[in-house]
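Heads up: the structure comes next, in structure tokens.
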Amino acid sequence: MEHNWRDYSYLQYGNSRQRKCYNTLKNIELFDHLKVYNPVLVGTFPIRIDIKDSDLDIICETHDIQEFARVIRHYYGEFAGFSEQVYDGRYIANFTYSRKKIEIFAQPVSVELQDACRHMLVESRLLNLFGNKLRRQIIALKKQGFKTEPAFAKVLGLKNDPYRELLELETVSDDDMCRRFGHCI
């Protein structure tokens, strides 16, 4: 990862929504409380394709789901709308702070190897290659109700499972992406 996604401080220098995101994370001390679980903010905010209703998605690595759940309940269990679920060795908590929806996801896999991080890195590469035109197209589709990966798939003309196809782009060179999807910036 050329950008240090683990250090969310870059958000304080971003656009107004990124700065609000930074303040939210700072105020609830999320990265401090979850430091041992290698938290990473993924999704739309880091790569500036968030829209008004975007939530903050944080992924973590844990090999003890029960302990992780206890930590989350301790720090965030009293927040508005708190809910949690455990399934297939994974943990998800949702809550709201200052009108901002937050989702915390954990599994016993390094954050760099989790699909959410891998998708974000591919999407970031695509945005760097194709610039603001692609960014505007993705945001427009998101405003129409598309989830992020299906929005990328639609713009890029991917026909099958958008989540799998984006992961397949991890190993495609920048030059090959430019040839496959059109003129890069």
Side-chain angles (χ1 to χ4, degrees), residues 1-15 17-51 53-128 142 147-149 152 162-164 166-171:
M1 297 200 273
E2 76 276 349
H3 182 307
N4 181 7
W5 299 104
R6 288 179 186 259
D7 178 6
Y8 72 100
S9 65
Y10 65 91
L11 294 168
Q12 66 186 316
Y13 307 107
N15 63 33
R17 285 196 296 256
Q18 286 178 314
R19 289 190 305 270
K20 286 179 186 173
C21 178
Y22 172 81
N23 289 331
T24 295
L25 294 170
K26 192 77 169 161
N27 289 341
I28 65 172
E29 302 178 74
L30 193 139
F31 278 68
D32 293 330
H33 293 153
L34 302 181
K35 185 174 149 176
V36 298
Y37 301 106
N38 303 314
V40 174
L41 175 68
V42 295
T44 60
F45 283 98
I47 59 176
R48 295 182 300 114
I49 56 169
D50 55 287
I51 60 173
D53 297 329
S54 292
D55 60 352
L56 299 175
D57 297 308
I58 292 90
I59 60 172
C60 297
E61 174 185 357
T62 184
H63 297 275
D64 186 342
I65 294 290
Q66 298 309 316
E67 175 61 17
F68 185 80
R70 188 194 67 68
V71 169
I72 296 298
R73 281 192 299 274
H74 173 76
Y75 288 111
Y76 306 108
E78 300 299 318
F79 281 61
F82 182 83
S83 68
E84 63 182 343
Q85 66 181 115
V86 176
Y87 70 95
D88 196 26
R90 298 173 177 152
Y91 175 87
I92 298 177
N94 289 281
F95 57 90
T96 302
Y97 173 79
S98 188
R99 296 189 318 256
K100 182 53 71 185
K101 293 182 224 164
I102 299 170
E103 180 174 285
I104 300 172
F105 176 87
Q107 69 183 95
V109 174
S110 166
V111 289
E112 287 87 2
L113 299 177
Q114 292 184 31
D115 286 353
C117 187
R118 294 170 62 202
H119 285 142
M120 182 182 71
L121 294 177
V122 169
E123 293 158 1
S124 178
R125 271 182 67 208
L126 289 164
L127 291 166
N128 287 332
K142 290 183 66 55
K147 294 284 191 187
T148 303
E149 288 78 2
F152 272 91
Y163 299 90
R164 186 176 315 122
L166 280 174
L167 292 180
E168 290 171 2
L169 295 176
E170 285 179 305
T171 58

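Sequence positions, counted from 1, serve as the residue numbers for this chain.
Contact record, Val42 with Pro46: O-CD, 3.9 Å, taken as the closest heavy-atom pair. Across all non-hydrogen atoms, the minimal contact from Phe31 to Pro39 is CE2-O, 3.3 Å. Taking both residues in full, the closest heavy atoms of Arg118 and Leu113 are given as CD-O, 3.3 Å, listed atom of the first, atom of the second, then distance. The two residues Pro108 and Gly89 have their closest heavy-atom pair at CD-O, 3.3 Å.
Around CZ of Arg164, the count of heavy atoms belonging to other residues, nucleotides or ligands within 6.0 Å does not exceed 12. Atom CD of Glu78 has 12 or fewer neighbouring heavy atoms from other residues, nucleotides or ligands inside a 6.0 Å radius.
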- Arg17 and Arg48: side-chain contact (heavy atoms from CB on, under 4.5 Å), yes or no, with the steps? CA-CA 9 Å; Arg17 285 196 296 256; Arg48 295 182 300 114; over 6 Å; no

- Task: List the steps and the verdict of side-chain contact (heavy atoms from CB on, under 4.5 Å) for Ile47 and Trp5.
- Result: CA-CA 10 Å; Ile47 59 176; Trp5 299 104; 4.0 Å; yes

- Query: Stepwise, does the side-chain contact (heavy atoms from CB on, under 4.5 Å) test hold for Thr62 with Tyr91?
  - Reply: CA-CA 9 Å; Thr62 184; Tyr91 175 87; 5.8 Å; no

- Task: Output, in order, the C-alpha distance, side-chain angles, deciding distance and verdict of side-chain contact (heavy atoms from CB on, under 4.5 Å) for Arg73 and Phe82.
- Result: CA-CA 9 Å; Arg73 281 192 299 274; Phe82 182 83; 4.0 Å; yes

- Message: What verdict does the salt bridge (Lys or Arg N to Asp or Glu O under 4.0 Å) test give for Lys35 and Asp32, after you've listed the backbone C-alpha separation in whole Å, the side-chain angles of each residue and the deciding distance to 0.1 Å?
- Response: CA-CA 5 Å; Lys35 185 174 149 176; Asp32 293 330; over 6 Å; no

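Using cut-offs of 30° and 60° for the angle between ring planes, the His33 and Tyr76 rings count as tilted.
Residues Ile59 and Cys117 are in side-chain contact: their nearest non-hydrogen atoms beyond the backbone lie under 4.5 Å apart. Looking at heavy atoms from C-beta onward, Ile104 lies in side-chain contact with Phe68 at the 4.5 angstrom threshold. By the 4.5 Å heavy-atom criterion applied to side chains, Thr24 and Ile102 are counted as neighbours. Taking the side chain as every heavy atom from C-beta outward, Lys100 and Lys20 never approach each other to under 4.5 Å. Ile65 places none of its side-chain heavy atoms less than 4.5 Å from the side chain of Tyr87. Residues Cys21 and Tyr8 form no side-chain contact, since every pair of their non-hydrogen atoms from C-beta on lies 4.5 Å or further apart. Pro162 places none of its side-chain heavy atoms less than 4.5 Å from the side chain of Phe152. The side-chain heavy atoms of Val36 and Val71, taken from C-beta on, include no pair separated by under 4.5 Å.
Judged as a salt bridge (charged side-chain N to carboxylate O under 4.0 Å, His left out), the pairs with a partner in residues 53-70 (not counting sequence neighbours) are, in order, Glu67-Arg70.
Rounded to the nearest 0.5 Å, atoms CG (Leu121) and CG (Leu126) are 11.0 Å apart. Rounding to the nearest 0.5 Å places CD of Glu123 at 10.0 Å from CG of Leu169. Atom CD1 of Ile92 and atom CD of Glu103 lie 5.0 Å apart (nearest 0.5 Å). For the atom pair CG (Leu41) and CG (Leu30), the distance works out to 9.5 Å, reported to the nearest 0.5 Å. Rounding to the nearest 0.5 Å places OG1 of Thr148 at 4.5 Å from CD1 of Ile49. Distance CZ/Phe45 to OH/Tyr22: 16.0 Å, rounded to 0.5 Å.
For Arg19 (side chain) and Gly14 (main-chain N/O), a donor-acceptor pair under 3.5 Å exists by modelled atom type. Between the side chain of Gln114 and the backbone N or O of Val109, at least one donor-acceptor pair lies under 3.5 Å. The closest donor-acceptor contact from the side chain of Asp7 to the backbone of Ser9 lies under 3.5 Å. Gln18 places no side-chain N or O within donor-acceptor distance of the main-chain N or O of Tyr13, the cut-off being under 3.5 Å.
Ion pairing of Arg6 with Glu112 is present here, as a side-chain N (NZ or NE/NH1/NH2) and a carboxylate O approach within less than 4.0 Å.
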